[in-house]
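Data block below; observations after.
Worth knowing before you read on, the calculation uses all heavy atoms, side chains too, and leaves out hydrogens, waters and symmetry mates. Per chain, numbering begins at 1; letters A, B, ... match sequence-line order.
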Amino acid sequence: MTEDVNLLILQRKDKLKELYDKGINPFPHKFKGKCKSVDINEEFKSLNNGEEVDKKVSFAGRMISRRVMGKVSFSHLKDGWGKVQIYVGKNDIGEENYLFYKKMDIGDFVGVEGKVFKTRTGEISIHVEKMILLSKSLRILPEKWHGLKDTEIRYRQRYVDLIMNDKVKEIFIIRSRIIKIIRQFLDKKEFLEVETPMMQSIVGGAAAQPFITHHNALSMDLFLRVAPELYLKRLIVGGIERVYELNKNFRNEGISTRHNPEFTMLEIYQSYSDYNEMMEICEEMIVGISKEIFGKLEIEYKGNKIDLTPPWKRKGFFELLQENTGIDFSEKTDIADKSQIMQIADKLKVKYDTNTKSHKILDHIFDTFVVPKLVQPVFITDYPKCLSPLAKSKENNPEIVERFELFIGNFELANAYSELNDPVEQRKRMTEQMKAKQKGDQEAQMLDEDYIRALEYGMPPCGGLGIGIDRLVMLLTGSNSIREVILFPQMKKE
RNA sequence: GCGCCAUUAGCUCAAUUGGCAGAGUACUUGACUCUUAAUCAAGGUGUUGAAGGUUCGAUUCCUUCAUGGCGCACCA
């Protein structure tokens, strides 16, 4: 990035020099006794118009507006919670200080001290007695009433976005609250929060391409994790009965309105439970979040009214396929039989690559015919085994696994299963994955010998659940793009 | 990776059929003692994303590239 040479910036740099020449420090070290804007606006809200109290307050913030009317002026100072109007009178602070105030720029940080009053028009304001420049701003803020709209600048310079668009901060406040509520919820249920490696020598836990990095001293390549799953289940083996991790995963895949290369995932594992119990936990948690944050269970997303009132519907994967395609997907359909699946895809006019594996074509049919209808919360259960190498098969049908995905507002929000704890079966499935990988399937998982060794020591029956936190925040904040809920989304170099 | 669209002043946006690049805001100066998109008066503001081409003349048409948005693909 090159240095911006703009007339307005040069003008401010001149002002900065002028300040130094006058012996004024444009970047003082601190400001004592600052109140919060919300506290000021709350404490004095019962004042009558025109009434002034005898109590002085200190306040500081970024000057975001100025209205000069001769010998008196008004400005708004914005702090971390809101804004407060200040009233600056030439007769109150003296001619020299008043001139200094008029020479300050929109964007400068300012500290003030004075009594609080309410203007004739009813706005709580500080009647300034003392004023100090706390930090000089050298760049011009975007326009005050159209604000900043350019998405590129909004994401690249999120600091400007935050200054100009109050709604952006609201999203990240909600995001923080959601995460806090989740931790409280799980802590109350005696889940232990842990941190497992983000740098792994074997990729596992999800079908995804990893980022590769290199450790110099060990002279070995490492992968950024695509999921913490296999480590968390090692902890289940180790006797940590209930465990969760809420942190980032990294996947080397395309970027879209629903995908960012690094994203936040919650994974929960509970011993002696299964995917049915995970549905209950998942439902209880999301319902609880909505109640606590919005006080209700009806939300709106992309123009759709969504009702989160439990219990949420549960429907089988094949049941939904059948309902929405009219094709009989009963047990006689062999999903491993590619020609059969291809025939169905042709009939439904679903395009596919002939190199694509049969279960991927099936997944594609599901995405095309079923997902667009999944607005209200629904747990989709009982997936084909080939899609889920870490999930346990159903007792009565080895080709179907105990797994669910939660869909709300047309996208997948959560994924869970009864964890496969049979080390012999797990080795078999991982070996199959390895074979697929050797054949060129870049997303196939690796054979993790240590993980199987752990299972050989014995893992109790266990339910596991993963929730995409970014997507949950999208849903609950009405955001159309994942970039709206990630402070610094991935961008190409400027 | 593919397709469509966008890129003009710090910001938000105009510019007729290819004919002098324009407004608001911000900024500077002046007037103004309760404004809040303050108001009024005056003033400067540009590599039209980059490079090339067509043309007497390109913001406008063509090609390539860059970045972004959306969709698809990849992917949960």
Side-chain angles (χ1 to χ4, degrees), chain A residues 4-12 14-15 49-50 52 64-76 83-92 98 102-103 105-107 117-123 125 127 137-157 160-161 163-164 205-209 226-227 249 251-261 263 265 351-353 356 360 363-364 366-368 371 380 383 387-388 403 405-407 411-416 441-443 466-468 470-471 480-483 489 491-494:
Chain A
D4 283 333
V5 270
N6 173 284
L7 190 74
L8 298 168
I9 292 177
L10 292 176
Q11 230 167 44
R12 291 199 179 188
D14 283 345
K15 280 189 182 179
N49 290 5
E52 181 164 311
I64 53 165
S65 67
R66 179 172 47 207
R67 295 171 289 281
V68 181
M69 286 156 303
K71 296 191 183 69
V72 298
S73 300
F74 292 91
S75 278
H76 274 110
K83 58 187 181 181
V84 173
Q85 181 169 259
I86 59 167
Y87 171 87
V88 189
K90 189 175 173 178
N91 296 339
D92 303 317
Y98 193 65
K102 285 209 284 185
K103 271 217 154 177
D105 287 301
I106 306 297
F117 75 107
K118 206 177 228 178
T119 61
R120 282 176 209 162
T121 44
E123 178 159 359
S125 308
H127 193 150
S137 163
L138 298 180
R139 281 186 186 259
I140 299 87
L141 287 172
E143 200 214 5
K144 60 187 169 196
W145 102 70
H146 292 98
L148 179 66
K149 287 184 179 172
D150 188 305
T151 47
E152 186 170 354
I153 303 177
R154 286 190 48 232
Y155 298 151
R156 283 192 199 280
Q157 304 181 42
V160 183
D161 193 25
I163 295 167
M164 299 309 297
Q209 288 190 63
V226 297
N249 289 347
R251 297 188 185 177
N252 204 343
E253 287 153 1
I255 295 176
S256 79
T257 48
R258 291 174 304 281
H259 301 84
N260 195 61
F263 63 100
M265 184 84 149
K351 284 182 199 159
Y352 58 89
D353 194 322
T356 311
K360 292 234 169 179
D363 216 18
H364 195 51
F366 190 84
D367 285 346
T368 310
V371 173
I380 295 165
Y383 278 73
L387 287 169
S388 331
R403 172 179 181 184
E405 289 191 348
L406 169 66
F407 277 79
F411 59 70
E412 185 206 338
L413 217 61
N415 180 18
D441 182 352
Q442 289 177 298
E443 290 91 38
I467 297 181
D470 309 281
R471 289 183 177 181
N480 291 330
S481 168
I482 199 166
R483 286 173 217 121
M491 304 282 263
K492 285 197 187 179
K493 270 190 197 163
E494 265 183 273

With nearest nucleotides of RNA chain B determined for A:Lys118 and A:Met265 from heavy-atom distances, which residue corresponds to the more 5′ nucleotide? A:Lys118
Tell me which of A:Asn91 and A:Asp367 sits closer to the 5' end of RNA chain B, going by the nucleotide each one is nearest to.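 Its nearest nucleotide being more 5', the pick is A:Asn91.
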Counting side-chain heavy atoms from C-beta on, which of B:G68, B:U35, B:U33 comes nearest to A:Arg67?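 So the side chain of A:Arg67 is nearest to B:U35.
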Looking only at side-chain atoms of A:Met69, point me to the closest of B:U36, B:G68, B:A38.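 Of the options given, the side chain of A:Met69 lies nearest B:A38.
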Watson-Crick or G-U wobble partner of B:G57, both distances under 3.5 Å: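 When the pairing criteria are applied, nothing turns out to pair with B:G57, so the answer is none.
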Look at the side chain of A:Glu123 against the base of B:U36 and say whether a donor-acceptor pair falls under 3.5 Å; ignore hydrogens and angles. yes
Establish whether the base of B:U36 is bridged to the side chain of A:Ser65 by a donor-acceptor pair shorter than 3.5 Å.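 No such pair is found, so the answer is no.
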Look at A:Arg483 and B:C70 and indicate whether a side-chain polar atom (N or O) is within less than 4.0 Å of OP1 or OP2.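 For B:C70, OP1/OP2 do have a side-chain N/O of A:Arg483 under 4.0 Å.
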Would you say A:Thr257 places a side-chain N or O within less than 4.0 Å of OP1 or OP2 belonging to B:G71? yes
Closest non-hydrogen atom pair, A:Ser73 against A:Tyr98: OG-OH, 2.7 Å
Classify the nucleic acid contact of A:Gly89 as base, sugar-phosphate or nothing, counting any heavy atom under 4.0 Å across all strands shown. nothing
Can you give one letter per nucleotide of nucleotides 24-31 of chain B, going 5' to 3': B for a protein heavy atom under 4.0 Å from the base, S for sugar-phosphate only, - for none? BSSSS---
If I pick the C1' atom on B:A21 and the same atom on B:G44, what distance separates them, to the nearest angstrom? 16 Å
